[in-house]
Student: 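Next up is a structure, given as structure tokens.
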Amino acid sequence: MIIEINDGVMYDRNLSRNASSSRAIPVSRLIEDILRDTAMPIHWGKNQRGMQADEEHRAPIFIEAIDEQNLKPCFLELSPEEAWILARDKAIKIAQAFDESGYHKQVVNRLLEPFAHISVLVSATEWDNFFELRDHKDAQPEIQALAIALKNAFAESVPDQLRPGEWHLPFVTEYEREWLDLPTQIKISVARCARTSYLTHEGKQPLVHKDLQLYHDLVGARPLHASPAEHQATPDVRVPGQVGPYGEWRVEHWQAPELHGNFRGFIQNRKIIERQIYARAA
């Protein structure tokens with residue numbers, strides 16, 4: 001996902017989400033990612049009033065430069081794509097200079113963000129609002145393309161049907177499900193969701209004990225860093241309608257709706273953690 005369209009996902013309250021942060025990625029690795037796959041507009045809109053750019057614009061872009069032969073000022077006539085790549089290369093050079101002078105990646109990588117993709121992990125049971133807003137002619141073309149790709153993925157997907165007690169655990173492998181107990185599986189899933197990857201920020205295989213340390217750093221922190229714990233979930237039990245002790249009719253309902261959070265029909269790990277914290281504080 002392009003960083004500049006991130007808002008289209010991050011501000012939908014139905015979606016539990018975590019995104020990779022440039023503050024955590026080494027400068028050299030981010031530059032490698034950018035050179036391998038540069039984030040770039042897919043629609044070069046012509047300037048007009050309002051938030052939407054309806055008309056595609058292909059006017060050349062003139063950039064002042066120095067002629068390498070006679071060392072005199074000149075202008076380069078570039079396509080939008082060529083100008084974007086030129087801006088990318090200049091940003092990389094300046095970022096490398098900051099990096100070599102000892103500045104932290106949370107500062108340096110800001111220069112590179114317009115040209116970078118990010119990984120976003122999303123868990124949700126309700127997608128209608130997202131698709132209605134983002135797969136729309138008024139949406140930014142890049143977020144609309146993402147929404148269409150997601151729709152296609154949904155149409156082709158054959159989801160696993162979980163039963164109560166079976167857990168949705170992003171980034172936990174089948175091998176780990178066999179040899180780790182469930183509480184450990186949940187904890188390492190939280191840690192990996194925090195970095196939105198099975199691998200470490202350095203691209204290395206994870207170590208369970210380090211994932212557990214990251215989990216405790218997140219959940220044991222004050223304030224609590226709880227958003228990575230929103231992705232782990234297990235189906236709630238549906239209680240059928242029945243006659244109560246006084247002859248009243250009790251309608252069909254979920255057994256623990258207070259633990260659903262922003263999900264429907266699933267108990268969310270974050271709500272379990274928060275209930276445990278409140279119980280200890282009481």
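Because the structure is a prediction, the values reported are computed rather than measured.
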Student: Side chain of Asp181, backbone of Thr184: donor and acceptor closer than 3.5 Å?
Tutor: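 Yes; judged by distance alone, with no hydrogens or angles, the pair exists.
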Student: Is the number of heavy atoms from other residues, nucleotides or ligands within 6.0 Å of CD (Glu258) greater than 12?
Tutor: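 Yes, CD of Glu258 has more than 12 neighbouring heavy atoms, counting only those of other groups under 6.0 Å.
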Student: For residues 149-173, which residue pairs pass the salt bridge (charged side-chain N to carboxylate O under 4.0 Å, His left out) check, not counting sequence neighbours?
Tutor: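 Those involving residues 149-173 are Asp135-Lys151, Arg163-Glu166.
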Student: Restricting to pairs with a member in residues 48-64, which pass side-chain hydrogen bond (donor to acceptor under 3.5 Å, both in side chains), not counting sequence neighbours?
Tutor: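 Sorted result for residues 48-64: His43-Glu56, Gln48-Asp54, Arg58-Glu81.
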Student: Would you mind listing the cluster partners of Leu76? Hydrophobic ones only (ILVMFWY), side-chain contacts under 4.5 Å, chaining allowed.
Tutor: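 Ile61, Ile63, Leu78, Leu86, listed by chain and number.
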Student: Under a 4.0 Å N-O cut-off, is there an ion pair linking Glu32 with Arg29?
Tutor: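 Answer for the salt bridge query: no.
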Student: Using every non-hydrogen atom in the two residues, find where Ala191 and Leu214 come nearest and quote the distance to one decimal.
Tutor: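 The answer is O-CD2, 3.5 Å.
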Student: Between Asp211 and Lys187, is the closest basic N to carboxylate O distance under 4.0 Å?
Tutor: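 Asp211 and Lys187: not salt-bridged.
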Student: With side chains defined as the heavy atoms from C-beta onward, is the minimum distance between Arg195 and Ser20 less than 4.5 Å?
Tutor: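 Answer no - side chains too far apart.
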Student: At what distance, to the nearest 0.5 angstrom, does CG of Asp128 lie from CD of Glu132?
Tutor: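 CD of Glu132 is found 8.0 Å from CG of Asp128.
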Student: Within the 3.5 Å criterion, strictly below it, is a donor on Ser227 or Glu230 matched to an acceptor on the partner's side chain?
Tutor: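 Absent: no donor and acceptor within the cut-off.
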Student: Which class fits the ring pair Trp179 and Tyr175: parallel under 30°, tilted 30 to 60°, perpendicular over 60°?
Tutor: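 Answer is tilted, since the angle falls between 30° and 60°.
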Student: Are Asn14 and Glu126 linked by a side-chain donor-acceptor pair shorter than 3.5 Å?
Tutor: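 There is no such pair (donor and acceptor under 3.5 Å, judged by atom type) between the side chains of Asn14 and Glu126.
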Student: When you look at His231 and Asn18, which way does the side chain to side chain donor-acceptor pair (under 3.5 Å) test go after all the steps?
Tutor: CA-CA 9 Å; His231 302 276; Asn18 282 94; 2.8 Å; yes
Student: So, the side chain of Glu176 versus the backbone of Thr173: is there a donor-acceptor pair under 3.5 Å, distance only?
Tutor: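 Yes: the side chain of Glu176 pairs with the backbone of Thr173.
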Student: Can you name the nearest heavy-atom pair linking Trp127 to Leu150, along with the distance?
Tutor: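 The answer is CZ3-CD1, 4.3 Å.
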Student: If you look at every heavy atom in Ala91 and Leu112, which pair is closest and at what distance?
Tutor: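 Distance-wise, the nearest heavy atoms are O-CD2, 3.9 Å.
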Student: Ignoring hydrogens and angles, tell me if any N or O in the side chain of Arg17 forms a donor-acceptor pair with the backbone of Leu15 under 3.5 Å.
Tutor: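 Yes, because the side chain of Arg17 sits within donor-acceptor range (under 3.5 Å) of the backbone of Leu15.
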Student: Under 4.0 Å between a side-chain nitrogen and a carboxylate oxygen: does that hold for Asp236 and Arg264?
Tutor: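 No, Asp236 and Arg264 are not salt-bridged.
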Student: Please check this pair: side chain of Glu113 against backbone of Ser22, looking for a donor-acceptor N/O pair closer than 3.5 Å.
Tutor: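 Such a contact is absent between Glu113 side chain and Ser22 backbone.
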Student: Using only heavy-atom distances, determine whether the side chains of Gln268 and Asn262 contain a donor-acceptor pair under 3.5 Å.
Tutor: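 Yes, a side-chain donor-acceptor pair sits under 3.5 Å.
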